[in-house]
Amino acid sequence: MKKGDHLFLIDGSGFIFRAFHALPPLTRKTDGLPIGAVSGFCNMLWKLLRDARNTDVGVTPTHLAVIFDYSAKTFRKDLYDAYKANRSAPPEELIPQFGLIREATRAFNLPCIETEGFEADDIIATYARQAEAAGADVTIVSSDKDLMQLVSPNVHMYDSMKDKQIGIPDVIEKWGVPPEKMIDLQAMTGDSVDNVPGIPGIGPKTAAQLLEEYGDLDTLLERATEIKQVKRRETILANIDMAKLSRDLVRLRTDVPLDLDLDALVLEPQNGPKLIGFLKTMEFTTLTRRVGEACDCDASAIEPAVVHIEWGEAAHGPDLSAAEPEPVAGGIPEVSGESVPVPPRAKAKAAVEGAFSPADLAKARAEAFATLPFDHTAYVTIRDLATLDRWIADARATGLVAFDTETTSLDAMQAELVGFSMAIADNTADPTGTKIRAAYVPLVHKNGVGDLLGGGLAENQIPMRDALPRLKALLEDESVLKVAQNLKYDYLLMKRYGIETRSFDDTMLISYVLDAGTGAHGMDPLSEKFLGHTPIPYKDVAGSGKANVTFDLVAIDRATHYAAEDADVTLRLWLVLKPRLAAAGLTSVYERLERPLLPVLARMEARGITVDRQILSRLSGELAQGAARLEDEIYVLAGERFNIGSPKQLGDILFGKMGLAGGSKTKTGQWSTSAQVLEDLAAAGFELPRKIVDWRQLTKLKSTYTDALPGYVHPETKRVHTSYSLASTTTGRLSSSEPNLQNIPVRTAEGRKIRTAFISTPGHKLISADYSQIELRVLAHVAEIPQLTKAFEDGVDIHAMTASEMFGVPVEGMPGEVRRRAKAINFGIIYGISAFGLANQLSIERSEAGDYIKKYFERFPGIRDYMESRKAMARDKGYVETIFGRRINYPEIRSSNPSVRAFNERAAINAPIQGSAADVIRRAMIRMEPALAEVGLGDRVRMLLQVHDELIFEVEDDDVEKAMPVIVSVMENATMPALEMRVPLRVDARAATNWDEAH
DNA sequence: CCCCAACCGTA
DNA sequence: GTACGGTTGGGGG
């Protein structure tokens, strides 16, 4: 770049927001995709590139780049945690446009620039200064005041909306100071939109006046005592640090590392057909014609392009991670008494951003759909490619489609695709006028068994080989938001067909974030709750029991009713639920803890883990032998044969026939034969109960593990693939089923043998990494307990420390029983302790347990305060929160039934602790794959399992040493940078060829 | 065939 | 005392 060149730097992210507000609110394509900002952007670019002399800017660029924000995790966030903390989420209409604008930039053959850790403004500043140094002129296309500090004799700004240049005199006119003093001015005035604090009470006028008088901020701060106005002097003196911090925040960096140097920004010739293809897709007819004329192309001969958008911040807008306030260090606001204030300006802005605030929209949608009837006769069966292509084009046009698969199995790892359904919404801008249409695409339905043709492929179905590429294009298209219910299933299924779903929402997960604790999140209950509609039960379509058939045997017209309805319901649920996220301030929980975990879990499930069937088989034999021997002995002692596995029969034998004392009864009046009861009897010297306990252990291990696990080995992968549920616990934990790999035995030596059957493939190791005492650490953090915090910092035995505090016993030479009691109390605290429960656990009198609790609270009064505050919050608000803002609702906390109420209170005490720990490991899991990829281990370290506080990986032998520190570091730093805990997290990791030895 | 209670494995 | 899922027995339809 040289003198005479002219570099244009376009603030792409800023443009979208400005265009959105400047243009009519709902500029849309014929089918509803909002493209107002994209349209404005393309027109502006075209003008700049072709007709620059017709605009006030008056020059034609030689170099040009469009700059975007990459993410909110910029260095400013490190300087000031609350930076941009009160940004509200961008309006729905804006979201698809972020990606489209990048696509438009590429269609114009222009470079898209973004750099991790920096805002667009910093990149612009760096380029501007470099170009200036090279003697070139610069025009920054933006009207953002944050960029005005860059204006100089050679650097101008250009407000494309007002078609107006901004030079040094314009800055002085508007702000009262020259550009080089803008930094100091902004440092004083602050910025409520970006949450830059500034000095309270100092606005632009006062700031300009002060700068006029003192020259610059440093001088002002040094001589602040000279200020005559008492109040102003006091505020400035009190906010010196804030002013300096604010200056660091508003000062743009000019040293951003750049991938492309200035010369790479030189304007390339336009690719007419490529640009026209894009413009046609966007339905910009006027611009299409102009471009066609200018490049001498026959626009009518060019097909609309398949628009493909880069994933990343793009599809959901820049800075979305800053859309929700990151919790400040200090955790649960109600505990610390801190909360992030929402400045009035931000509120006012939100109110005018669209016809509806999120809350209004949520309310309007809820009312519109609460009773809207379902018309099954309107559902379409798509049987030819032309119709399918039309529907897919409609989905692209509206940027939104509900999607559901129909398959042969509930197991996504085994299921075969039979067909799929779609639902499309027209006119979503009008909540009461939104129209939904739905269709089913049968692919491999067979003629019914009773049919004359008998089991052959039914006629008039689109061949799989034609449908899949189209489905792939749609599902992988990041400019189309796919909405599904329980998407992990469909995601995994489609992944097995080589399709990776991108840009998605899951109504189940949205409901889970909004309403955890208030009921199930399956489609049927949600449909009942929000749509007043009972969907066709699956068994009505596919039969049940013996008459049960796979979906490919269901007649296509019946299948259409069922499948299209599912897509219809899903889309309606999304319309109702999605705006509630923003209204409730839960968008970031959904977008940072929930949605990104879905593909991570899908990959874990797809990987599976190897279990050694030989080991299990041998163990099963041993267990059978042991159980058989015990059975013989039990029958002798009982004097008769009976079903030992029947608690009822066993109770009759023990407490009836043999007349043993000390039995308690269950709530149905049966004799209890629980392990606790049997252990007590055994301790009293009876032989039979001991043998029953042993027999139970052996048969439990055999039936639940050694015999069941081999049945879960996948016929093709030869591995076991569990299924994780993201939305079945109230607290945010995952659950695992079919098989449940979160309850593999570990506590007894016999049980641990099961773990030896979980093995690594040859040449590999399993790495198990688990958080040490994570829940107690979370407790120490949220309740701010100094002794606990210190103990964790010093790495001392936490239970021994507790015992020492409580009983005054030194840790050295502490009797095991004393420590055991303290440990039980610590766990009891986490569970919302009661004297009754602690007494049970320790087999002591309730009064004694009560004394322990009293003593504990005397030593740790902060814990009692914490517990009381959780109960109060649950009572007042109906919910409690984790450290990352996840909500857990307790609708029954005010029950008049004291035991129901007490139960809810204990749960409300436990949930923030258990749930925060769950959030922490979720963050670690989400970050794990990118972190491993960064050190070149992306495809060499495979995360397989999660067991609440433990992650299990499979790693090639040679990579173990390299992988372990990365895994440990990601887990230990999982709360950062969002939140720094008062207590360090510690992770232990080991590698071995089987899970038992690795753990 | 479905559902519930009891029991027990995990964190 | 919190949070889960799986197996078994047993009752009811």
Side-chain angles (χ1 to χ4, degrees), chain A residues 516-517 539 543-548 642-651 665-678 692-693 696-705 707-709 711-712 722-725 728-748 750-752 754-755 770-776 779 824-842 846 849 852-853 867 870 880 888 899 902-915 917-918 921 945-950 999:
Chain A
K539 61 174 171 11
S544 64
K546 239 168 85 177
N548 178 42
F642 66 102
N643 188 343
I644 307 168
S646 163
K648 186 173 140 66
Q649 294 183 35
L650 177 62
K665 59 234 169 302
T666 68
K667 60 185 166 196
T668 55
Q670 294 282 316
W671 288 111
S672 169
T673 64
S674 68
Q676 181 67 60
V677 169
L678 298 181
I692 302 284
V693 168
R696 279 197 181 152
Q697 189 198 10
L698 300 188
T699 53
K700 168 95 177 175
L701 292 174
K702 183 171 185 293
S703 66
T704 307
Y705 303 104
D707 289 355
L709 281 171
Y712 288 103
T722 185
S723 174
Y724 289 104
S725 171
S728 57
T729 73
T730 48
T731 55
R733 273 192 179 180
L734 305 179
S735 73
S736 157
S737 62
E738 296 179 272
N740 181 354
L741 296 185
Q742 290 179 325
N743 72 343
I744 303 302
V746 70
R747 289 177 191 179
T748 65
E750 275 299 303
R752 269 201 301 279
I754 310 278
R755 292 198 169 213
D770 68 301
Y771 283 106
S772 162
Q773 307 281 14
I774 187 168
E775 293 194 350
L776 279 174
L779 174 68
I825 294 168
N826 276 333
F827 276 98
I829 294 292
I830 290 171
Y831 297 152
I833 203 154
S834 76
F836 179 83
L838 184 62
N840 263 341
Q841 176 68 28
L842 290 175
R846 204 190 305 192
Y852 284 173
I853 295 170
M867 295 173 84
R870 295 312 84 191
V880 291
I888 301 105
S899 68
F903 175 78
N904 276 272
E905 287 173 352
R906 290 193 298 271
I909 289 165
N910 171 257
I913 303 170
Q914 188 186 113
I921 197 165
L945 303 177
Q946 189 250 41
V947 192
H948 308 308
D949 65 358
E950 174 187 15
H999 184 72

When we call it a touch if two heavy atoms are under 4.0 Å apart, what does A/R696 touch: a base, just sugar-phosphate, or nothing? sugar-phosphate

Under the 3.5 Å Watson-Crick or G-U criterion, the dot-bracket string of DNA chain C, with | for inter-strand pairs: .|||||||||||.

Go along nucleotides 8-13 of chain C 5' to 3' and tag each nucleotide: B for a protein heavy atom under 4.0 Å from its base, S when only backbone or sugar atoms are that close, - otherwise. SSSS--

Got a list of side-chain donor-acceptor pairs under 3.5 Å for residues 826-841 of chain A, not counting sequence neighbours?
from	atom 1	to	atom 2	distance (Å)
A/N826	OD1	A/Y856	OH	3.3
A/N826	ND2	A/H799	ND1	3.0
A/N826	ND2	A/T802	OG1	2.9
A/S834	OG	A/G837	N	3.0

The first and last nucleotides of DNA chain B lying within contact of chain A, meaning any atom under 4.0 Å from one of its heavy atoms, run from B/dC1 to B/dA11

Pick base, sugar-phosphate or nothing for A/A547, based on heavy-atom distances below 4.0 Å to the nucleic acid. nothing

Mind checking side chain to side chain contact (heavy atoms under 4.5 Å, CB included) for A/K665 and listing every partner two or more places apart, or none if nothing turns up? none

Please figure out whether A/L838 or A/N743 has its closest DNA chain C nucleotide nearer the 5' end. A/L838

Partners meeting side-chain hydrogen bond (donor to acceptor under 3.5 Å, both in side chains) with A/T722 (sequence neighbours left out): A/S736

Could you report the tightest heavy-atom contact between A/L734 and A/Q742, atom names first, then the distance? O-OE1, 3.6 Å

A/Q649: side-chain hydrogen bond (donor to acceptor under 3.5 Å, both in side chains) partners, not counting sequence neighbours: none

Can you list everything that forms a side chain to side chain contact (heavy atoms under 4.5 Å, CB included) with A/Q697? Sequence neighbours excluded, please. A/L701, A/T748, A/E750

Taking ring-ring contact (aromatic ring centres under 6.0 Å, His included) as the definition, give me every residue that meets it alongside A/Y852, ordered by chain and number, with sequence neighbours left out. A/F807

To the nearest angstrom, how far is A/I833 atom CD1 from C/dT2 atom C1'? 12 Å

All side chain to side chain contact (heavy atoms under 4.5 Å, CB included) counterparts of A/S728, not counting sequence neighbours: A/S725, A/S735

In short, salt bridge (Lys or Arg N to Asp or Glu O under 4.0 Å) pairs touching residues 733-742 of chain A with sequence neighbours left out are A/R733-A/E775

What residues, two or more places apart in sequence or in another chain, satisfy side chain to side chain contact (heavy atoms under 4.5 Å, CB included) together with A/T730? A/I888

